[in-house]
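Scroll down for the structure; my scribbles are underneath it.
Throughout, protein chains are lettered first and strands after them, A, B, ... in sequence-line order, and every chain is numbered starting at 1.
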Amino acid sequence: DAGITQSPRHKVTETGTPVTLRCHQTENHRYMYWYRQDPGHGLRLIHYSYGVKDTDKGEVSDGYSVSRSKTEDFLLTLESATSSQTSVYFCAIKALGQNTGELFFGEGSRLTVL
Amino acid sequence: GQQLNQSPQSMFIQEGEDVSMNCTSSSIFNTWLWYKQDPGEGPVLLIALYKAGELTSNGRLTAQFGITRKDSFLNISASIPSDVGIYFCAGRGYSGGGADGLTFGKGTHLIIQP
């Protein structure tokens with residue numbers, strides 16, 4: 001257990017509405033990540049953070065923004081949700097000192113955009 | 001970007017059979033990882049490989065880092081019902097940095113018939 005909690009676990013929203021997903025960790029990990037998982041695509045990196053207020057883009061960052069105002073929380077925001085953003089979103093942390101820094105994932109947040 | 005080909009896409013086997021799956025890449029990787037994902041959960045790290053030719057076991061699971069650095073194999077011996085799930089490979093190239101440089105395969109869906 002890497003101490004990761006994602007919320008909400010399930011959300012249904014309408015096209016054009018803003019959505020924020022939260023990733024909370026309790027073990028003071030420096031690196032946090034947001035991935036999306038879609039059939040036929042596997043896991044793709046959206047954004048990541050390497051410290052408070054330090055974030056950068058991943059492979060599929062268009063339409064998403066992130067914020068990290070404190071170590072324990074990494075927020076993913078869809079400013080205006082589209083149907084193509086229907087997906088399962090996973091937060092991950094890099095656990096340094098274990099397996100030389102591999103990723104450990106949360107349980108996922110399933111988002112449906114109608 | 002880097003591409004990972006994971007095969008087979010799905011497997012239907014009888015309980016007690018051995019399972020083999022593999023990932024190949026067009027690029028050289030310095031790390032290979034194998035994850036398992038149960039329905040409704042996040043991926044869980046099974047095995048990490050860091051050296052070409054390395055063979056590592058975790059219970060009934062054995063994984064190998066290919067000598068060419070472009071492939072990896074996962075074997076499961078004497079499958080049991082709880083082995084059902086989706087298995088993902090992931091490779092890390094030499095790009096380094098906070099993005100972690102991980103590329104994921106699209107997964108092998110393992111289904112076990114009693």
Side-chain angles (χ1 to χ4, degrees), chain A residues 1-6 9-10 21 23 25 29-61 66 68 74 88-110, chain B residues 1-10 21 23-25 27 29-51 54 56 58 61 63 65 72 85-109:
Chain A
D1 182 0
I4 304 171
T5 305
Q6 290 187 229
R9 294 290 313 278
H10 301 272
L21 306 179
C23 180
Q25 54 123 338
H29 298 294
R30 178 181 171 193
Y31 290 91
M32 298 182 75
Y33 304 78
W34 276 108
Y35 282 84
R36 60 178 289 173
Q37 184 177 38
D38 304 289
H41 290 279
L43 286 153
R44 294 179 292 174
L45 181 65
I46 305 171
H47 281 279
Y48 68 98
S49 170
Y50 45 98
V52 173
K53 294 191 166 65
D54 292 323
T55 65
D56 207 344
K57 296 179 181 180
E59 178 189 356
V60 290
S61 59
V66 289
R68 189 153 178 217
F74 190 31
V88 182
Y89 292 86
F90 287 99
C91 175
I93 57 94
K94 180 187 289 192
L96 294 177
Q98 300 175 35
N99 288 317
T100 71
E102 300 310 342
L103 295 189
F104 292 83
F105 289 86
E107 294 186 330
S109 295
R110 181 175 293 275
Chain B
Q2 293 167 327
Q3 301 273 342
L4 269 189
N5 294 311
Q6 185 170 351
S7 65
Q9 192 172 351
S10 58
M21 60 191 78
C23 273
T24 59
S25 167
S27 308
F29 286 134
N30 62 11
T31 300
W32 282 98
L33 308 171
W34 285 93
Y35 287 85
K36 182 193 178 208
Q37 185 176 24
D38 292 326
E41 303 290 331
V44 174
L45 182 64
L46 298 174
I47 292 180
L49 302 157
Y50 301 107
K51 197 172 162 184
E54 181 180 357
T56 296
N58 178 5
L61 277 61
F65 191 142
S72 180
I86 304 176
Y87 292 80
F88 291 97
C89 64
R92 180 181 291 121
Y94 288 92
S95 59
D100 213 53
L102 270 184
T103 301
F104 283 85
K106 294 180 182 176
T108 294
H109 204 147

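In this structure, F90(A) and E41(B) have side chains that are not in contact, with every pair of non-hydrogen atoms separated by 4.5 Å or more. The shortest distance between side-chain heavy atoms of V44(B) and F105(A) does not fall below 4.5 Å.
Few gaps surround CZ on R44(A); more than 12 heavy atoms of other groups in view lie less than 6.0 Å from it.
Of the possible polar contacts, one joining the K106(B) side chain to the G40(A) backbone as a donor-acceptor pair under 3.5 Å is found.
Of the listed residues (E59(A), Q37(A), R9(A)), the greatest number of heavy-atom pairs within a distance under 4.5 Å of chain B belongs to Q37(A).
Taken from CD in E107(A) to CD in Q37(B), the straight-line distance is 11.0 Å, to the nearest 0.5 Å. Here CG of L45(A) is found 9.0 Å from CZ of F104(B). Values are rounded to the nearest 0.5 Å. Here OH of Y35(B) is found 4.5 Å from CG of L103(A). Values are rounded to the nearest 0.5 Å.
Scanning both residues, L102(B) and Y35(A), for their nearest heavy atoms gives CB-OH, 4.2 Å.
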